[in-house]
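Basis for what follows: all heavy atoms, side chains included, without hydrogens, waters or symmetry-related copies.
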Amino acid sequence: MTEKADAASLHELSVFGQIDAGQIAELAALIERLELSMLDCLTLRDLLRLGAVHADAALFAVVAALFAAAAEGSLCLEVSPEALASLLGPGCGPQRAHELAAQFCRRLDQGRYASLIADDPCAYLPLVRVSADGKKRLYFHRYFCHERRLAQRLEAFLEQPRQQPQPPPETIVEALFSPGGCLRERPGGAPLAKDRRQVDAIMCCLQKPFTIISGGPGTGKTSLMVNLVRALVRAGAAPERIYLGAPTGRAAQRMTEAMQQYLSSIREPSEQDLCLAETGGSTLHKMLGYRNARDDFRYNAANPLPADAVVVDEVSMVDVVMMNRLLQAVDPRRTRLILLGDRDQLPSVEAGAVFAGLIPRGEGDHRFREHLVLLEKVYRSGRRLAALAAGINAGRMPERAPLSLQDALRMPADEWCRVAPRGAAEWQRDQDIWLRAQYLAPQAEAASSFRDVTLQAAGRGEDALTGSRQGRRLLTRLFGYVNACRILTLVRGGPFGCEAVNRRLADGVRLAVEGAAGQGRELFSGALVLITRNDYARQLFNGDMGIALRDDEGVCRVYFQRAGAFIGFSRQQLPAWEFGYAVTVHKSQGSEFQDVLLVLPDDANHRLLSREIVYTGVTRARRRVIVYGNDRVLARAVGRRIERTSGLFW
């Protein structure tokens, strides 16, 4: 029922109830324009039946718009003739949209919808109208409750007094950045720079119960997270009472790997540092004790987390419902809360843009300003890629004449370009060019290719690969190739979606590595396997990337990298997976690659086109970015910022 609704199904399932036949055609067109799923349409039908409002086209249209808004991530709709008409206009036409919007507002004020829409938030009806800050907003009751509870919890954190840890914060910071105690990118490497904003973040976390830290890629959020944990322990927090959480399993695993990597780089670790050896991340669901049978959480307002501090990464991906669940489980009187993320990245897939809403974009008074630290210095990207990201955030793209993909792949480091699509056949040829350049031909800095190393590793048993120095060296080289490049798409389906791209690239690698013998095989040596469902028992998480290799008995095993080590699984042991040569931008969040090919759809009106999705895509690259799309689509995307309607920050 998640498929998009069509007119025939709408009629067959009596979605329109007793609405006049003359108005059904325009409502069907509106549903198509809003891209509602059949499940949404059936729920809409049942809501109108529940409210005993069977023949009201205006109510039908507005509630349909509310479903569409929720699917786009908004929590509510502004209720005014002008605001509603602007939402309905693309589906109904301007004049009819104004008629329906005015009719809905008039009947709502007359109490015609009192059996369905409550004006009192305490009344339990499916929808609620709320008046605040001079505006009226229409919510699904569920979203309103989560939003209000979240706002109240945030206020409780703001009301907590400043704290004065012992030893003083300045002494703790000095110890973290001392010659023997500072972090390094690797053991024996140069110490990480003492960034002023990162020091500000550490001081804020030590003195205040609630801290928000935002920074783009390469600004040092990962090393800062480790230093925050080190600082909290020095301020008296028990290591076992510091909880690290993230919205996805892969992001949680990266927190664990970062703790291990950076702690091992300290030249003279203190006793507090050594006590953190077992500290690692978990998903928010696991941290809060999700109980599937009851669809609730063990930890909540009545039973808060037994924590001295809770540190959450990738918070931009957390929706309003999960954020409320999290904050309800954190007692502001005894637990510090630290939120890290990038305000400019894509917001959560589900409703709400909480992290971005916590952070002001302009100057002036803001209730969270004293709890906010913005990381500005970029250590990862070069000057041109940093300028590209800044331009996208400002709503502009530098002018660049398009190149061919062949020429684009010859660009030097710290460079970007656009490749203009020339048709379906050319797009398939460009995928083959990418395949040869990234997987089949030797890289400029290496004498061998991904295919060459795959052939060297294939035919070895698991023990020979994971238990010997030579085997681990081969796997390390393979993962180096895998992490060097990725195709990122906005969509899953269609010619420019990751599903079609993965099929073509998988066929190309299969043929190049196993020849005709590999045709028809589900897995093959060189297959990139992307996990799509968490498996806590095997410590495999949504977003994990593995490499399949056929062993000496002809059986394919899939290998995953784990903090310098490797682990292999048979096909039968894997949770749900798909090929990973191309992934959606949403799935790529938190990852980084040397080269990124960002593929845009060919529809300039596609609903996923936005500034945030382009920014997120291009900032996954450390070395080169290639944007594959026409200039009209790209301009439309960069010119459109995601606007999610909410009443959270009244």
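- The closest side-chain donor-acceptor pair between Y299 and Q328, if any, does not fall under 3.5 angstrom.
- Residue V63 is tested with L44, I117, D40, T43 for a side-chain contact (heavy atoms from CB on, under 4.5 Å); the sole match is L44.
- Heavy atoms only, all atoms of each residue included: S316 and Q589 are closest at OG-OE1, 4.2 Å.
- Counting all heavy atoms, side chain and backbone alike, V226 lies closest to A258 at CG2-O, 3.8 Å.
- Remark: the backbone N or O of T616 is paired with a side-chain donor or acceptor of R620 at under 3.5 angstrom.
- Crowding of R149 atom CZ: a count of heavy atoms from other residues, nucleotides or ligands under 6.0 Å not exceeding 12.
- Between K194 and C182 the shortest side-chain heavy-atom distance does not fall below 4.5 Å.
- Rounding to the nearest 0.5 Å places CG of D120 at 9.5 Å from CG of L125.
- Note that the CD1 atom of I213 and the CG atom of L224 stand 5.0 Å from one another [nearest 0.5 Å].
- In terms of modelled atom types and a separation under 3.5 Å, the side chain of K208 and the main chain of E370 share a donor-acceptor contact.
- Around CD of E174, the count of heavy atoms belonging to other residues, nucleotides or ligands within 6.0 Å does not exceed 12.
- Checked by atom type and distance alone, the side chain of D308 pairs as donor or acceptor with a backbone atom of A238 at under 3.5 Å.
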Check the pair E78 / L84 against side-chain contact (heavy atoms from CB on, under 4.5 Å), numbers first and verdict last.
CA-CA 7 Å; E78 182 182 340; L84 293 177; over 6 Å; no
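- Between the side chain of T489 and the backbone N or O of V491 there is at least one donor-acceptor pair closer than 3.5 Å.
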Test salt bridge (charged side-chain N to carboxylate O under 4.0 Å, His left out) on D544 and R533; report intermediate values, then the result.
CA-CA 9 Å; D544 277 355; R533 185 182 303 159; over 6 Å; no
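- Contact annotation: the side chain of I172 never approaches that of R230 to less than 4.5 Å [non-hydrogen atoms, C-beta and beyond].
- By the 4.5 Å heavy-atom criterion applied to side chains, V318 and F355 are not counted as neighbours.
- What you find for P121 and H141 is that their closest heavy atoms are O-NE2, 3.1 Å.
- Without hydrogens or angle criteria, N324 side chain to V321 main chain gives no donor-acceptor distance under 3.5 Å.
- Contact of the L87 side chain with the L77 side chain is registered, since non-hydrogen atoms from C-beta on lie closer than 4.5 Å.
- Residues D296 and Y290 share a closest heavy-atom pair of O-CD1, 3.3 Å.
- Contact of the D313 side chain with the L244 side chain is not registered, since no non-hydrogen atoms from C-beta on lie closer than 4.5 Å.
- No donor-acceptor pair closer than 3.5 Å links the side chain of E155 to the backbone N or O of A151.
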Do S223 and E185 pass the side-chain contact (heavy atoms from CB on, under 4.5 Å) test, and can you show the C-alpha distance, the side-chain angles, and the key distance before you say yes or no?
CA-CA 9 Å; S223 60; E185 286 292 345; 5.9 Å; no
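- Inspection of the N393 and D344 side chains reveals an N or O donor paired with an N or O acceptor under 3.5 Å.
- Sorted by first and then second residue, the side-chain hydrogen bond (donor to acceptor under 3.5 Å, both in side chains) pairs involving residues 333-342 (not counting sequence neighbours) are Q163-R336, D331-R333, D342-Y615.
- For the pair R640 (side chain) and L609 (backbone), a donor-acceptor distance under 3.5 Å is present.
- Taken to the nearest 0.5 Å, the OG1 atom of T211 stands 9.5 Å off from the CG atom of L372.
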For residues 274-287, dump all side-chain donor-acceptor pairs below 3.5 Å to protein atoms at least two apart in sequence or in another chain.
{"from": "T279", "atom 1": "OG1", "to": "L276", "atom 2": "O", "distance (Å)": "3.4"}
{"from": "T283", "atom 1": "OG1", "to": "K286", "atom 2": "N", "distance (Å)": "3.1"}
{"from": "T283", "atom 1": "OG1", "to": "Y536", "atom 2": "OH", "distance (Å)": "2.7"}

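- Contact of the R137 side chain with the F144 side chain is not registered, since no non-hydrogen atoms from C-beta on lie closer than 4.5 Å.
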Given L158 and F368, is the side-chain contact (heavy atoms from CB on, under 4.5 Å) satisfied, shown in steps?
CA-CA 8 Å; L158 295 181; F368 302 108; 3.8 Å; yes
Let me see the working for R641 and E612 under side-chain contact (heavy atoms from CB on, under 4.5 Å), right down to the final yes or no.
CA-CA 7 Å; R641 183 178 290 282; E612 289 84 356; 2.9 Å; yes
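- A donor-acceptor contact shorter than 3.5 Å links the side chain of T532 to the backbone of A576.
- Taking 4.5 Å as the limit, every side-chain heavy atom of C76 sits out of range of all side-chain heavy atoms of L138.
- Remark: R298 CZ is loosely packed, at most 12 non-hydrogen atoms of other residues, nucleotides or ligands lying under 6.0 Å away.
- The minimum heavy-atom distance between A246 and A251, with the atom names listed, is CB-CB, 3.6 Å.
- Listed by first and then second residue, the ring-ring contact (aromatic ring centres under 6.0 Å, His included) pairs involving residues 209-251 are F157-F210, F210-H371 (not counting sequence neighbours).
- For the atom pair T584 OG1 and L608 CG, the distance stands at 9.5 Å (nearest 0.5 Å).
- One distance of note links CG of D195 with NZ of K377; it measures 6.5 Å at 0.5 Å rounding.
- Between L206 and R234, the closest side-chain pair of non-hydrogen atoms is not below 4.5 Å.
- Residues M203 and P169 approach most closely at SD-CB, 3.5 Å, considering heavy atoms.
- The main-chain N or O of S131 is never found under 3.5 Å from a side-chain atom of K136 such that the two would form a donor-acceptor pair.
- Atom CZ of R153 is separated from atom CZ of R325 by 13.5 Å, given to the nearest 0.5 angstrom.
- In this structure a side-chain-to-backbone donor-acceptor pair under 3.5 Å is missing from E314 to A252.
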